[in-house]
Amino acid sequence: MSTDNITLLLHGGSGRLHPAGTPFPQEADYERTLAAAAQAGLAVLARGGSSLAAVEASLRLLEDSPLFNAGRGSVFSHAGVNEMDAALMDGATLRAGAVAGVRTVRNPITAARAVLERSAHVLLTGTGADEFAAEMGLETAPPAWFRTEERWQQWQALQAEKAHLVVLPPKYGTVGAVALDQAGHLAAGTSTGGMLNKRYGRVGDSPLIGAGTYANHVCAVSGTGHGEFFIRHAVAHDIAALMEYRGLDVATAAHHVIHDKVAPAGGRGGVIVLDRHGHVAMPHSTEGLFWALARAHRPVETNVCHMVVE
Ligand code: ASP
């Protein structure tokens, strides 16, 4: 047992960033919210909580914030509804839980944890997932809770253009977290509203174990970006496999999958990865990736700035 290595790394999505040196109006809000979420997760780890609990605690805060494309503030599907996906995985046991296409559970990441801990399954979808969450006594919320004016306007603009485009939200972002606890156990979680204007019933990479979310005894991974590519390339598991089977370090493995495999295929996005020693990597092929990193005895680091594509 050691408190020295405890780590909580989270992301707030990948995508376009404001050019270097031009702060955007909500920059401080994003920074503050990311830092608070990372700190909340670290506090769980500091008092001996599990990496699973820490990931959930961080992501609940980001889901409740209207700034991110997860929970409250999710993007709208083509049908004009919010359908959310989330997954949580425990690296020590390989137990996992996920929900896809939920509409009424306030915190999809908590529903994912309930699937992991209180069902015989890994992934529940749609009405079945919402009903399970309600049966488990999880808090529900009406459509108005998830709706933000900004996301509604983004959706309206696409309808006005009669576009059947499915696009990555023009702003941040899907949320994800990875954590290392005092017992040396890793966990990963991801939560998202998915892609703007997505087709009814579309499921992205975030709730799919091995695609957008994965954790084992070697590393924990959460992704963000164009989900269809992350599914095809089994991104999160591929990174873990490179580390486990080929002995690559966290930065080399993550960089290879994002830049040498997914990007050349046309898939843009990024990942956060944490290994069992507390080493981190957050490569991205988009202009930027929002992230926050909280470790023992150090100030929280955040990134909401312009970053050059690596
Ligand atoms: N990966 C998510 C999805 O495809 C979207 C995102 O990360 O922004 O559903």
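Each ligand, and each atom within it, is numbered from 1 in the order the structure gives.
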Look only at the side chain of [X] and the backbone of [Y], and say whether a donor-acceptor pair between them is shorter than 3.5 Å.
X      : Y      : result
Asp275 : Val250 : no
Gln182 : Ala46  : yes
Arg103 : Glu83  : no
Asp238 : Ala241 : no

What atoms in ligand 1 come closer than 4.0 Å to a heavy atom of [X]?
X      : result
Gly227 : 4 (O)
Gly194 : 9 (O)
Gly225 : 1 (N), 2 (C), 3 (C), 4 (O), 5 (C), 6 (C), 7 (O)

Do any nitrogen or oxygen atoms of [X] lie less than 3.5 angstrom from nitrogen or oxygen atoms of ligand 1?
X      : answer
Thr174 : yes
Asp205 : yes
Gly223 : no
Thr224 : yes

*Nearest heavy atom to atom 4 (O) of ligand 1 wins, so pick from His11, His226, Arg202.*
Arg202
*Using a strict 4.0 Å threshold on nitrogen-to-oxygen distance, state whether Arg106 and Asp64 make a salt bridge.*
yes
*Should Glu149 and Arg147 count as an ion pair when the cut-off is N to O under 4.0 Å?*
yes
